[in-house]
Amino acid sequence: MSADLTPALPADIFQMIFEKSPGSLLVRGDAPCFTIVAVSDAYLEITSSKRETILGRGFCEVFPDDKAPYDDTNARNVFTKVVETRQKIDVPTYRFDVYDQETDTYEIRYWSCCNTPILGVDDEVAYILNTVVDITAEVRAKQAAIENEGRLRLATEAAHMATWDLGLRDHSFISSPRMAEIFGLPADKPVSREELQRYVDADDMKYVVLPAYRMALHTGNYLYEVKIYRPDGELRWIKTQGIVIYDSERNNREKAPVRMLGTVIDITDSKRDEVRKNDFIAMASHELKTPLTSIKAYIQILAKRLSGSGDGFVTNTLFRASNQVDRMTDLIHGFLDLSRLESGKLQLKPSDFDITTLIDETIAEFRLLNPGYTILFDPDCRLTIKADSEKIGQVIGNFLSNALKYSDKEYPITVKCGREDDNLKVSVTDMGIGIRPKDQARVFQRFYRVESEKMRNISGFGIGLYLASEIIHRHKGEIGLESEEGKGSTFYFKLPILE
Ligand code: ADP
């Protein structure tokens with residue numbers, strides 16, 4: 001055995017070191033007095049006391065506290081327990097207000113302390129080392145967070161909002177009681193995600209919820225509106241909004257989604273208002289159709305009569321007038337389609353047709369009306385599909401007209417068409433203004449238009465893509481986009497090929 005050759009510290013040096021240590025106090029184990037033997041400067045400062053007035057006096061006499069005698073954070077009780085058990089006792093949080101002589105008031109303070117027994121030769125507790133740390137700032141921060149959480153909960157409750165949190169790795173799902181209420185389920189029981197999804201309209205689940213989920217993983221934003229059928233059979237509309245939280249440890253390029261969280265609100269009442277609004281739009285559009293058809297006919301008669309007159313100004317003006325009438329007619333048809341869609345009256349007329357021919361025809365029309373733009377189309381193969389050719393033509397037309405609207409003449413627009421597994425995929429790519437991730441999930445919503453400086457001078461109503469997505473969903477297909485702001489966009493749809 002090797003002897004410890006370190007010389008013992010002289011008592012006065014030891015005393016000096018102790019006095020410079022952070023919040024420390026040494027008391028004798030002489031319960032119930034607990035005489036103070038040594039105290040550090042820091043301890044004196046935090047308790048606003050002086051060494052000469054407390055040394056040699058009992059702890060409970062110097063720091064009397066008015067807490068209940070059985071309180072286990074009370075110093076007297078803790079010291080007594082240390083003496084009885086000869087074990088170290090930690091008090092993680094307790095309140096001890098500090099007297100401020102200047103203002104003659106007590107300041108609220110929170111502490112964390114550790115009470116270590118030092119045993120004497122008789123194995124009894126000779127001293128107790130009491131070390132304290134001021135944790136007021138941490139406690140205040142925690143209290144503020146709890147208060148904020150409470151306020152946030154009150155705000156979401158006031159807005160009749162349900163909140164949810166979905167773990168993407170372990171598939172854990174937590175929702176507020178309001179969620180069950182919206183779904184017509186008992187609010188006092190937790191509900192699982194699978195249970196809630198059972199009440200979502202089957203088509204909405206497949207063509208709205210799942211694509212929105214896939215898109216959210218890509219864009220970071222989750223958003224959709226769907227119908228639900230409550231257990232009592234009542235139809236309700238809900239709107240879900242959320243964001244994706246990514247693994248912060250990975251770098252930005254390959255960030256992995258770990259959680260999704262957001263809100264759900266019942267939008268049934270506003271949907272009913274929309275139905276009324278739709279009825280009005282349908283009526284107005286219908287009434288506008290007849291005079292517009294007449295104007296078009298009159299223009300055509302005039303154009304025919306004057307075609308041989310040699311008056312270039314007149315024929316040119318009539319051509320322009322005819323184009324404007326066509327634009328208006330398209331718009332009115334859009335509104336009519338919209339209201340038919342909303343009232344469930346949009347009927348598909350499927351037939352077998354060659355998609356490549358349809359794309360060729362649509363492009364030819366656009367080239368004629370938009371000279372100066374370059375539209376490239378080089379199909380991989382010829383494919384026959386069964387669908388409503390007029391409506392699919394409308395979707396391609398919408399993609400093309402947007403590509404023209406939101407890009408410059410000097411950049412080409414590329415149309416592609418090919419097979420992808422059991423699907424036909426048609427895409428239109430432009431090198432235009434592009435769309436920010438936060439807007440990408442929204443452009444398929446009714447009347448949604450991106451708000452930006454670049455959009456200010458481009459007209460539109462934000463119904464084209466909504467109609468396109470409804471048409472594709474009704475064909476049991478998928479619609480989507482890939483885009484980067486300032487670089488361009490690719491809009492695509494996929495339709496099942498039935499062989
Ligand atoms: P509209 O173009 O008439 O406003 P759409 O429903 O066709 O309506 O498009 C909705 C919105 O999506 C547009 O207002 C625009 O902000 C955005 N958008 C659509 N296509 C593109 C595109 N190719 N490039 C950039 N933004 C686009």
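Each ligand, and each atom within it, is numbered from 1 in the order the structure gives.
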the protein heavy atom lying closest to atom 22 (C) of ligand 1 turns out to be Tyr406 CD1, 3.6 Å

Considering only NZ, NE, NH1 and NH2 on the basic side and carboxylate oxygens on the acidic side, decide whether Lys296 and Asp326 come within less than 4.0 Å.
yes

Any side-chain donor near an acceptor of the partner, Gln394 and Asp337, under 3.5 Å
yes

So which heavy atom in the protein is nearest atom 5 (P) of ligand 1, and how far is it from that ligand atom?
Leu465 N, 3.6 Å

Within 4.0 Å of some non-hydrogen atom of Val450, the atoms of ligand 1 are 16 (O)

Heavy atom to atom 7 (O) of ligand 1, shortest distance: which of Asn402, Leu404, Thr490 holds it?
Asn402

Charged tip of Arg382 within 45° of Phe353 ring normal and under 6.0 Å
no

Hey, which atoms in ligand 1 end up nearer than 4.0 Å to a heavy atom of Ile463?
6 (O), 8 (O)

I'd like to know if Glu420 and Lys494 make a salt bridge, using a cut-off of under 4.0 Å between side-chain N and carboxylate O.
yes

Which part of Tyr448 is near ligand 1, with near meaning a heavy atom under 4.0 Å away: side chain, backbone, both or neither?
backbone

Check step by step if ring pair (Phe, Tyr, Trp, His ring centres under 6.0 Å) holds for Phe399 and Phe491.
CA-CA 7 Å; Phe399 284 2; Phe491 280 84; 5.6 Å; yes

Which atom of Asn423 lies closest to which atom of Pro496, heavy atoms considered:
OD1-CA, 3.3 Å

Quick one: pull up CD in Glu361 and OG in Ser389 and give me the separation to the nearest 0.5 Å.
8.5 Å

To check you understand the geometry: which heavy-atom pair defines the closest contact between Leu168 and Arg259, and what is its length?
CD1-N, 3.8 Å

Looking only at side-chain N and O atoms, does Asp266 offer a donor or acceptor that is under 3.5 Å from a partner on Thr268?
yes

Starting from atom 8 (O) of ligand 1, which protein heavy atom do you reach first, and at what distance in Å?
Gly462 CA, 3.1 Å

Could you see which bit of Asp439 sits under 4.0 Å from ligand 1, with heavy atoms only: side chain, backbone, both or neither?
neither

With a 4.0 Å cut-off on heavy atoms, does Gly432 reach ligand 1?
no

shortest atom 23 (N) of ligand 1-to-protein heavy-atom contact is with Asp430 OD2, 2.8 Å

Quick one: does Phe491 get within less than 4.0 Å of ligand 1, heavy atoms only?
yes

Protein residue, atom and distance nearest to atom 4 (O) of ligand 1, heavy-atom basis
Arg449 NE, 2.5 Å

Subset of ligand 1 atoms that lie under 4.0 Å from at least one heavy atom of Ile433:
25 (C)

Heavy-atom side-chain proximity of Asn221 to Gln440 below 4.5 angstrom:
no

Among protein heavy atoms, which sits nearest to atom 17 (C) of ligand 1, and what does the distance come to when rounded to 0.1 Å?
Val443 CG1, 3.9 Å

Just which atoms of ligand 1 are under 4.0 Å from any heavy atom in Lys405?
1 (P), 2 (O), 3 (O)

